[in-house]
Amino acid sequence: MADALLRIEHLSVDYAVGAGTFHALKDVSLELLPGQVVGVVGETGCGKSTLGHSIPRLLPEPPAKVKSGKIIFEGTDLLKIPKWRMPGVRGTGIGMIFQEPINSLNPAYRVGDQIAESVRIRKMRERGLTPRVKPDVKGFDYSKRELPKASEVVTGPFIPPNVTQTLKTRGPPMTKEIHAEVLDFLRLVRINDPERIVNLFPHELSGGMRQRIMIAMALSGKPALLIADEPTSALDVTIQAQVLTLMKELMEEVRTSIMFISHDLGVIAEMADDVGVMYAGHMVEFGPVAEIFESPRHPYTKSLLRSIPNKYKDEGVLPSLSGSVPNLAKLPDGCSFNPRCPMARDVCRKNPEPPLAALPPGPMGEVHKSACFFPDEVPSMP
Amino acid sequence: MATATVPATQAAGASGSVVPARPPGRLWANILLVLRILAANPLTLVGFILVVLVSVAAVLIVAVPAVSLLILGHSVSILPYPALDAGVFPVGQSPSATHLFGTDAAGEDVFSNVMTALPTDLGIGFSVAGISLIIGSLLGLVAGFWDTPGTLSAAGSVAILRVTDIFLSFPTLVLALAITAAWGRGEIQSELAVIVTWWPFYVRLTRGEVLSIKVQPYVIAARAAGVPESKILFRHVVRNLLEPLAVYFSLDVGTVIVTYSTISYVGVGVPPSIPEWGNLMYSYQDSLLTQPWTVLSVTAAIFITVLAFSLLGDGLRDILDPRSRRIMATTAAASGQAERP
């Protein structure tokens, strides 16, 4: 097995707010292999975004506090390095796409200048002019991507020919080459007239366009790991479809590892290789996307899946999971899902939270983990 | 903006160059846009013109005599008559063509007196507000940006804020009067006294703005892109601070002039020998009933100057904020500017 690009071990994050301590993340472990797409799914308030933000250490501290755990990225524990060195990891090591494209671009600058900032940061690091935490970290490389088949040549013109350009000069990057790269990255995210777009202010663009710009900005750092924190939640459905299609295409082209956070199981099914299901700060189930969707091993996953409408079946009223995510300051005794669980019994209420345990490997040797006392009793999806 | 960039874009597209030059007329387009916004907002235009007129007049009043003394050997003034020159004209003449604002009880030309005071007052307005802006915004920036609880810098921030609170707890005018009275009469002393009471407002304003800007998603997004903290501070936080500060500053110049005139009027500001509106007001107050034009002229001068800066400040927000710019520009161009392609 290849070395993991990112390994999160027993990560716990607390928010100390006036009313008490909220355990936003509790003992979360996760592994991400190079080139892999991991989906993280769960209801609102279950710690998905906290997980995403904690990896590049972007949580506001205080109130947030990492209590324990390790975030090992490319062999370095990010929680051990001093905070002032973190900018050397961000951008070129870990890129991020945010939920709100409306506010994620600085209103005072033209979008071209904002992407240029990101390109300049990468170029300075590539040339060794500014320090980066892991000098040998290589971001994604277009030259390694599989060439499109003749039938797929449609996507050809979008792919910038000179993004793979290796550095020829030393010294600070020139404005002209940065500008050329900015245009290339705008073309990469399917913006047809980048020469005009670079000169616009963020408020002159629609939400979908802004999210494209954000994606271009994140990609222009050529990160080894891209964290997409609900990149489509703030967009309307048609634009969502466009952005998702774009991201799906980009995944094939740039072959970077992605952590895709979403509350939308359909989106995750489209995008991810592995899925982690989160509930109340815990990772309750983890496994390959097909496994999770066909035979979930946690009643929470099961309930989530049951509430997706099926267009081929007239089901009448969709089953929904009653109640909401428990208050993270005072979780129920036992398994934190027990008040809402259809299978809950005394064992679930009395014993402490079950750990995320590996189930017997499937026929292909795939790893499937569940944090339920009775994973085998969860019925398969019809 | 869109109309200005279109030709450049087309040119770049036609030649097919990889690196199209930035639209050549960016600066010119910006100036045009500002003018268009001004035209759409007549009150701002009035304020803008008044500020320009007042500033140009102040510069000429100071510069022309000095320059002419250098070049011609004798000083030439743009004022109709020498100022503060008692007993030259008949006493107490009402405004006429020869004496625009009439003459006062000492036989001086009121117009010349009022205009001589203009550079002094404008200079005081700009310098007091400007120095307060620099001191206050720097302290506010520090107090707002480095306020993570439990760190040494947070202790410094708290100290700055508590000192600010102490200064703010005194009524501005009373504190300024007390300080001037203690330091003695003089232009520098009284200016410093006003600055001492003035900077805390800028600390409050700046800190509040910094606190709201630094948690904006775009600041976090910049951080996520690997931008170091120093650049976050200057490129992202300070840049977005400039708008509110510029607006507040331009409104503030007028307020400073009023406050300073009040101090002089009470008799603790500049020495009586220096022409200043507060001083003039003091010397004219006895003739309020017999020669009302004297007091009214000084009042009008203060009123127009303060009004000019207030009007400008209101409009400045529209000019500086890129978001309102486009809206203003499109509403201004009633000629049917085409929608963005």
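Because the structure is predicted, anything quoted here is derived from the model rather than measured. We name chains A, B, ... by the order of the sequence lines, and we start the count at 1 in each one.
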Side chain proximity check, Asn240(B) to Pro107(A), heavy atoms < 4.5 angstrom: yes
Taking distance alone, no hydrogens or angles, what donor-acceptor pairs closer than 3.5 Å link side-chain atoms of residues 43-52 of chain B to residues at least two apart or in another chain?
from, atom 1, to, atom 2, distance (Å)
Thr44(B), OG1, Asn41(B), ND2, 3.1

Top of Arg90(A), Met96(A), Glu100(A) for chain B proximity - count of heavy-atom pairs under 4.5 angstrom: Arg90(A)
Criterion side-chain hydrogen bond (donor to acceptor under 3.5 Å, both in side chains) on His236(B) and Gln114(A), from CA distance to verdict: CA-CA 10 Å; His236(B) 295 275; Gln114(A) 306 198 33; 5.8 Å; no
Within residues 207-227 of chain B or reaching into it, pairs that qualify as salt bridge (Lys or Arg N to Asp or Glu O under 4.0 Å) - sequence neighbours excluded: Asp147(B)-Lys214(B), Arg223(B)-Glu229(B)
Contacting moiety of Ile94(A), where chain B heavy atoms sit under 4.5 Å: backbone
Rounded distance [0.5 Å steps], CZ in Phe98(A) versus OH in Tyr218(B): 14.0 Å
Contact class of Val215(B) relative to chain A, heavy atoms under 4.5 angstrom: neither
Top contributor to chain B interface from Ile121(A), Asn106(A), Asn103(A), Ile227(A) [non-hydrogen pairs under 4.5 Å]: Asn106(A)
Closest contact, heavy atoms only, Pro217(B) versus Ser104(A): CB-OG, 3.9 Å
Electrostatic pair Arg235(B):Glu117(A) at N-O distance under 4.0 angstrom: yes
